Amino acid sequence: MNIVWAVATHQGRIRTNNEDSVFPASSGRSGEPTVLMVADGMGGHAAGEIASRLAIAAAGRDASDPAERVTAANLAIIEHARTDPGLAGMGTTLTLTEFDPEGSFRFAHVGDSRAYLIHAGDLLQLTVDHTVMAEYLRTGSISPEEVATHPQRSMLTRALGLLPDVEVDAFDVPVAPGDRLLLCSDGVSSMLSEEEIRLQLARPSPEEAAWGLVDEANRAGGHDNITAVVIDVVATPR
Ligand code: MG
């Protein structure tokens with residue numbers, strides 16, 4: 001199997017810089033094992049941007065599996081923060097997938113960036129958000145309607161760069177030609193409903209879908225940095 005992907009990232013309409021990082025940096029096509037990822041940095045001044053870039057750089061180096069990539073990213077941020085006290089407390093999410101041309105994606109994930117699968121027109125969220133709100137929702141102590149305005153709505157329970165030991169969610173997803181995947185930062189998923197996301201993902205090309213998500217998130221207010229990677233699974237060309 002091959003993949004064709006498109007990358008779209010934008011600072012949004014409120015923020016003055018883009019602390020999201022994305023890999024690959026541009027759209028492309030591959031029939032080889034390929035790593036794709038989205039990181040959403042946090043921290044004062046430029047620290048969030050540095051954290052998400054460090055994560056992508058470290059996770060892109062050789063590793064035996066996706067979870068090891070995320071673990072390496074965590075340690076790289078902690079190491080770097082040690083060298084500059086001004087960067088103390090910086091952190092990032094990292095949602096990473098490694099395409100296996102045999103027909104699957106291997107995921108490793110920490111934070112509240114997300115991965116979705118579109119299969120036969122249905123949208124399925126593959127990742128769990130590591131947020132206080134997701135915990136409250138699981139235990140039923142809050143309603144979905146209350147989440148949108150809750151003061152702790154963006155508080156993470158897990159992120160990279162904070163502790164040397166980080167729990168990484170790792171899982172494999174088998175795919176078939178015709179499937180489409182989305183990796184995105186919360187600038188997409190907090191601004192758009194699942195139905196709005198599904199509608200944009202129904203656009204013909206990955207490029208149109210990725211930029212459609214960015215445009216819609218901006219139209220909805222663009223409160224945060226917005227990043228989308230749309231990946232189409234296609235049959236190997238003969
Ligand atoms: Mg964000």
Side-chain angles (χ1 to χ4, degrees), residues 3 5-12 15 17-30 32-84 87 89-100 105-116 126-127 129-130 156 158-164 166-170 181-189 206 210 213-214 224-231:
I3 49 171
W5 72 87
V7 174
T9 187
H10 190 268
Q11 69 188 36
R15 305 288 176 89
N17 61 333
N18 192 346
E19 298 191 329
D20 288 356
S21 290
V22 60
F23 184 88
S26 55
S27 304
R29 178 181 192 114
S30 175
E32 305 286 317
T34 306
V35 174
L36 307 106
M37 45 189 158
V38 167
D40 178 350
M42 67 209 80
H45 305 288
E49 209 169 318
I50 293 168
S52 68
R53 285 189 185 160
L54 283 169
I56 296 259
R61 291 186 202 117
D62 275 345
S64 59
D65 65 64
E68 191 183 288
R69 292 180 184 278
V70 174
T71 304
N74 183 47
L75 293 176
I77 298 163
I78 291 172
E79 268 312 301
H80 194 89
R82 265 195 206 122
T83 66
D84 183 348
L87 298 174
M90 68 174 172
T92 187
T93 71
L94 183 58
T95 299
L96 177 152
T97 193
E98 204 168 323
F99 168 62
D100 176 352
F105 284 86
R106 303 172 70 202
F107 283 89
H109 158 76
V110 172
D112 68 346
S113 299
R114 288 184 179 176
Y116 290 93
L126 300 172
T127 49
D129 293 346
H130 300 139
L156 297 178
R158 272 194 241 170
L160 302 187
L162 307 178
L163 296 169
V166 65
E167 191 186 343
V168 180
D169 289 355
L181 287 101
L182 167 68
L183 308 181
C184 67
S185 63
D186 67 337
V188 172
S189 53
L213 287 164
V214 168
D224 196 1
N225 303 143
I226 308 159
T227 300
V229 182
V230 175
I231 309 157

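As the structure is a prediction and not an experimental result, all values here were calculated from the model. In what follows, every heavy atom counts, from backbone to side chain, and hydrogens, waters and symmetry copies are set aside. Positions are given from 1 along the sequence.
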Closest heavy-atom pair and its distance - [X], [Y]:
| X | Y | answer |
| --- | --- | --- |
| Ile226 | Val188 | CG2-CG2, 3.6 Å |
| Ala73 | Ala55 | CB-O, 3.5 Å |
| Ala170 | Ala67 | CB-CB, 4.3 Å |
| Ile77 | Ala51 | CD1-O, 3.7 Å |
| Pro164 | Leu75 | O-CD2, 3.9 Å |
| Val166 | Ala159 | CG2-O, 3.8 Å |

Using distance alone, with no hydrogens and no angle criterion, decide if [X] and [Y] have a side-chain donor and acceptor under 3.5 Å apart.
| X | Y | answer |
| --- | --- | --- |
| Thr127 | His109 | no |
| Asn17 | Gln11 | no |
| Ser185 | Asp20 | yes |
| Asn18 | Thr9 | yes |
| Thr92 | Ser52 | no |

At what distance, to the nearest 0.5 angstrom, does [atom1] of [X] lie from [atom2] of [Y]?
| X | Y | atom1 | atom2 | value |
| --- | --- | --- | --- | --- |
| Asp112 | Thr95 | CG | OG1 | 8.0 Å |
| Glu19 | Thr227 | CD | OG1 | 11.0 Å |
| Asn225 | Ser21 | CG | OG | 9.5 Å |
| Phe107 | Glu98 | CZ | CD | 11.0 Å |
| Leu54 | Leu94 | CG | CG | 12.0 Å |
| Ile3 | Ser30 | CD1 | OG | 5.5 Å |

Side chains of [X] and [Y] in contact at under 4.5 Å (non-hydrogen atoms):
| X | Y | answer |
| --- | --- | --- |
| Val38 | Leu96 | no |
| Val230 | Leu181 | no |
| Arg69 | Met37 | no |
| Ser26 | Val7 | no |
| Thr93 | Val110 | no |
| Leu183 | Arg114 | no |

Quick one: do His130 and Leu156 satisfy side-chain contact (heavy atoms from CB on, under 4.5 Å)? Show the steps, please. CA-CA 6 Å; His130 300 139; Leu156 297 178; 5.5 Å; no

Output yes when Asp100 and Arg106 qualify as a salt bridge under the 4.0 Å nitrogen-oxygen rule, no when they do not.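 Looking at Arg106 together with Asp100, the answer is no, because their closest N to O distance does not fall below 4.0 Å.
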
Carboxylate-amine/guanidinium contact Arg158 Asp169, below 4.0 Å: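 Result for this pair is yes, salt bridge flagged.
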
Checking side chain to side chain contact (heavy atoms under 4.5 Å, CB included) against Thr97, which of Thr34, Leu126, Leu36 comes through?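 Testing each of Thr34, Leu126, Leu36 against Thr97, the sole residue satisfying side chain to side chain contact (heavy atoms under 4.5 Å, CB included) is Leu36.
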
Is a donor on one side and an acceptor on the other found under 3.5 Å between the side chain of Asp65 and the backbone of Glu68?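 Yes, the answer is positive, given that a donor and an acceptor are paired below the 3.5 Å cut-off.
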
Could you tell me whether a side-chain N or O of Asn74 sits under 3.5 Å from a main-chain N or O of Gly161, the two making a donor and an acceptor?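 Such a contact is found between Asn74 side chain and Gly161 backbone.
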
Results of salt bridge (Lys or Arg N to Asp or Glu O under 4.0 Å) for Glu79 - residues two or more places apart only: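 Listed in chain order: Arg82.
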
Show your reasoning for whether side-chain contact (heavy atoms from CB on, under 4.5 Å) applies to Leu182 and Leu213. CA-CA 10 Å; Leu182 167 68; Leu213 287 164; 3.7 Å; yes

I would like to know whether Ile50 and Asp84 meet side-chain contact (heavy atoms from CB on, under 4.5 Å); could you show each step before the answer? CA-CA 12 Å; Ile50 293 168; Asp84 183 348; over 6 Å; no

